[in-house]
Student: 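Below are the structure tokens for one structure; questions will follow.
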Amino acid sequence: MVKYIIKRILLLIPILLGVSAIIFILKTFTPGDPARQILGNNATQEQIDAKRDELGLNDPVPLQYVRYIGGVVTGDFGDSYRTGEPVLKEILPRLGVSGIITLGAVFIGAVLGVLLGILSALKKYTWVDSLVLVISMFFQSVPEFVVGLFLILIFAVNLHILPANGIETPLGFIMPMLCVGLASIASYTRITRSSMLEVMGEDYIRTARAKGQTEGKIVYSHALRNAIIPVVQSIGTGLANSIGGGMVIETVFAVPGVGKYIVDSITQRNYPSVLGGALIIAFVLTIINLLVDIAFVIIDPRLKTTIIAGGAKRKKAAKPKAA
Amino acid sequence: MSGNILSIKDLVIHYETQEEVVEAVNKINLDLNKGEILGLVGETGAGKTTTALGIMGLLPPKVGHVIQGNIFLEGEDLLKKSQREMRSIRGKKISMIFQDPMTALNPVKTVGDQIAEVIRLHERCSKAEALKKAQDMLAMVGIVPERYKEYPHQFSGGMKQRIVIAIALACEPELLIADEPTTALDVTIQAQILDMMRKLQKDKGTSMILITHDLGVVAEMCDHCAVMYGGEIVEYGTVEQIFDNPKHPYTKALYRSIPSLDQDVERLHVIPGMVSDPSNLPTYCTFYDRCEECNEECGKHDPWIVDIEPGHWAKCFRYTPEWTGTPVADPAETQGEGK
Amino acid sequence: MKLRKLAAILLSAVMVVSMASVASADIIGADVDAPNTTKTDETLVVTLASEPSTLWGAAAGQVENEAEIIIAATQDTLVKSDKATGEALPNLATEWEWLDATHCQFKLRDDVVMNDGAPLTADDVVFTANVWKEYSANNDTGRYIAGAEAVDEHTVVIEFTTECPDLVNMMSWSNFGIVNESGVEAAGGIEACAKNPIMGCGRYIFKEWVSGQSVTLERNENYWDLDYAGYFKTIVVKFTNDPAAREMAIESGDSQVAADMPVIQATAYQGSPNVNVVIYDFGQVTHLWYNMTEGHPTADQKVRQAIEKAINYEALAMVGTGGSATQALGYLSPSSPYYHELYTLEERALDIEGAKALLAEAGYENGLELTILGLQDSVPTYTVIQENLRAIGITLNINTPDTASFVGDAFGGNYDLIVVGEWIPNRNPSAYVFVSEGQIASGFVIGGPKVTTPELEALRQQIITEPDNATANGYMEELETIMKNDTITTNLYPELKAAVIAKDLKGFGTIERGFMDITTLYK
């Protein structure tokens, strides 16, 4: 197990290098001169040239990249063009904020999604099933910021129970979480429903029924733990989506998170901040995916043997052959 | 018949979907004496498993319906029981062993937990006691009790079936329904499992319905035998009666399809044609289209039950006084024949 | 998809139900209410579109809208500007006098206390002027400052790099806030002041900046101007990019002011009972400029005249201001002290035939293709122009790159047509920048014709250096007439600014460029 985890961590290095290279190359091909961005529209050409030299923008791109990666390894993501502060210092507190929102959103999305998915599977082809489908599709189809404004309208404007924006109080986290979470319900519902339908048709469910087990206990104790495996698997992707959704939603709710930071930095052409933000998010995502995989092993005992035996990762383990 | 543990009367089960109605079990009558083993023989799709699920009250919800009939367990009609009452009967009074041990066990729960589950459901005991008993059960089926903490994937197929049997017998049921318990297993393991089942059945005096398509298994294990075809029981009798004196053309055909070492046969006997479509059963004899001994009358009416000897009957016109003989079969119909 | 449609209908139904109400918001102007006289312990929450990068623009060499709004509350300037006449009025300086063309001597008030408790002295002005000169050399804050010298404790002479009497008026802009050295040191030095601007002597004192969230200011209880009363003890400035979210924060009571709202969106909130919509003109008119350099068809005046005749100005004003303003008949808006109405409505009437004839004369009887450069948010107005020009056979391509590319293209003259406004609050050296010889040569003008004439440049110089306002105003009319006659630019409509404020708020005021004054609101 430890060996497996170490192997996965080592695998992160090429992934992150790839991500950073892609972002770096995209950055170099975007129009607009960062030096002018820093100095303002009235700077003279000499000043701009001097600044370009200072920033190393006149060097070949591969050299710039190597220099950047060198800095990243030592925790130096460069300084924000806008404020002159180290990017890492600006991002770290925001990472916490985004983390809370993303985790909250995934929690809300997964819990609601799984509950609705179970409901939908148990009441398949009834009006309950259709209603669940409509609700989950509603939140998936309507853009997150519209849902966001809609929530503000209900909870802040009409009910006055939550702040319209900002996170001065912990209550401020609720709507952004809800917003991103609701959007992800549909995928969890769908996965849970189909997985649940599949599992409820399995022989071991019939075995449990034959034991005289109650339907509720069968769902909870036998079906769910099996049905949840693909759901847990999808949480990794769900997190990535929620981070994406968070970017939009942080802007609507004026939440100082990494998403808003990156969005603002993009409009300000603040490249070190964009690069740093994207890299840190990529790093966090890969770590999360690793954690999800580990969680997966705990849920599905069949995997432990396959992984320790150095077998396939992240796939439903092949059913052992009969002796 | 007070010696009967199970008595099925005129049972009709349909599977109803939006597209079609499948007449899976058609007016069957069965009796099972206490402590005896009844073999239920037939091809896939004959309605054996449906009958078993009907007894268990585990027909697929919304789709499977008992249309008429009664299932008496010790004189009480199971079909009149509530869901709740059925739950207390399942696992306790009637247990069932399913065909495929590979999938019958929950992959994410330890085998000990899975055995203990049924014990805790039906017996007043603590979790620890249930686990202790689960270990005893494992020992009984020949598995090292210490392995109760392991997961199903850590056992071989035969071991898994032993565990399934341990679950089925944990609460000492009065009736055990074994649905092709050895089909999915290697031949060598099959014998072990059957021996063990036989032994446990004898020890506990459990009544049993053994569903199989293997006549050899029936000969070895059963007291009575019912041959099912197209949702009906076409022949019923003691094992000796059925084996020594098969009457129904289908039963006879089944015998001929058993490979035999002492006969020099180039090819196995194959019953021509397909099992009749249960969603579109004929109004005449269901076996008519494949029968080698039929005459015109068989294609006009549904045959009735004819007593052959005491306790032995068949559902075939051949044994009625009206029988006029078999015409020569046309070549097309005999094409599939082995000889 | 059926489901999407259903969802949309559901959503809009709920929206309508919650929004529709009996009463409706009023549209009010800025700088109209009487000043406040009472002080309370209440808190005002203002939401702006984005967070500034610094709270001392002069030392960061930047002029950011959001920063100026906050700085105007925390720092005071030597003079303030009369909104009606554009004249400089006493503020920290009680009087001033030009010693020669470039030296101006200011007499300072002797009762001003800086935030660190020290009195305001001439040395503070010298210190501040040096910061402007050194840190803002690239923009208007420092460009015209040559230095400063203290004469006595309350007398200071500022030397300017160019002759321009109205530079004194320019010093009413918030970036010219006066600070003292000891205050800056107490805040941790010049760079630290960008994040911790506790220095100055403004109506409010900086308290806290929670990065990404808010800036908190508190009323300056020792403010020198006893005629001013700040109603709110605390002002919290928050940053929310989405205009709708900013508006809803007011509806919910979390905030009282949403400044700098898109005008068209602001007018949409007229229906709400809990808010008032402030829409105001700050003197700037938006202009259609023609690239008059060689190689562009627009170098030919006949083409420019044809375009001018083909545009439906009322429709354009309607689209551009959400129906809140009508077309501009002068280079500046009627609210400007230097307004000259140079066009009649007859001149501005649609004349398709005349336009076609002019195009034919110019040799484009078969039509031509032109490109307009702009930003994405102005596309609706470009579409109107596009449609108007289609009628006379001109195919207009709309080029809307991202902001940085737009700036590059606008600097480089990579366009045939471009829409840019000009704000001329006083006769500062940047007035009529689009025809400024020096600015065009330097390459740092966003848009404009990219060429000028010695005649125009001479007039500009007269306007800037003329001490007498009335005479200068005559020169301005002369210059604008030349631009009209030569069809150098076409005036479109006054640019408006909008804000949404809570229903019970009064006293919405502005500083330069129509930025909101957060210190004058009261209930």
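Lettering of chains follows the sequences in order, A, B, ..., and the numbering in each one begins at 1. All heavy atoms count here, side chains included; hydrogens, waters and symmetry mates do not.
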Student: Does a side-chain heavy-atom distance below 4.5 Å link B:Q83 with A:T214?
Tutor: no
Student: How many angstroms lie between atom CD of B:Q18 and atom OH of A:Y125, to the nearest 0.5 angstrom?
Tutor: 9.5 Å
Student: Going by salt bridge (Lys or Arg N to Asp or Glu O under 4.0 Å), name the residues that satisfy it together with B:R87, two or more places apart in sequence or in a different chain.
Tutor: none
Student: Check whether any side-chain heavy atom of B:V164 lies under 4.5 Å from a side-chain heavy atom of A:T207, and answer yes or no.
Tutor: no
Student: Check each atom of B:L105 against the heavy atoms of chain A and say whether the ones under 4.5 Å are side chain, backbone, both or neither.
Tutor: backbone
Student: When rounded to the nearest 0.5 angstrom, what is the spacing between CD1 in A:I205 and OG1 in B:T103?
Tutor: 11.5 Å
Student: Return the option, out of B:G91, B:G57, B:P107, B:S95, with the maximum number of heavy-atom pairs under 4.5 Å with chain A.
Tutor: B:P107
Student: Does A:K211 reach the main-chain N or O of B:Q114 with its side chain, forming a donor-acceptor pair under 3.5 Å?
Tutor: yes
Student: Can any side-chain N or O of B:R90 pair as donor or acceptor with the backbone N or O of A:R209 at less than 3.5 Å?
Tutor: yes
Student: Hey, are the side chains of A:H222 and B:E117 touching, using non-hydrogen atoms and a 4.5 Å cut-off?
Tutor: yes
Student: Just checking B:F72: does its CZ atom have more than 12 heavy atoms from other residues, nucleotides or ligands closer to it than 6.0 angstrom?
Tutor: yes
Student: Regarding B:K109 and A:S221, do their side chains bring together a donor and an acceptor under 3.5 Å, going by distance alone?
Tutor: yes
Student: Between atom CG of B:N106 and atom CG of A:N226, what is the distance when rounded to the nearest 0.5 Å?
Tutor: 4.5 Å
Student: Could you tell me which portion of B:L53 (side chain, backbone, both or neither) has an atom closer than 4.5 angstrom to a non-hydrogen atom of chain A?
Tutor: side chain
Student: Would you find a donor on one side and an acceptor on the other, under 3.5 Å apart, between the side chain of A:R225 and the backbone of B:V108?
Tutor: yes
Student: Examine whether an atom of B:K92 lies under 4.5 Å from a heavy atom of chain A, and if so say whether it belongs to the side chain, the backbone or both; otherwise answer neither.
Tutor: neither
Student: To the nearest 0.5 Å, how far apart are CD in A:Q213 and CG in B:L121?
Tutor: 4.0 Å
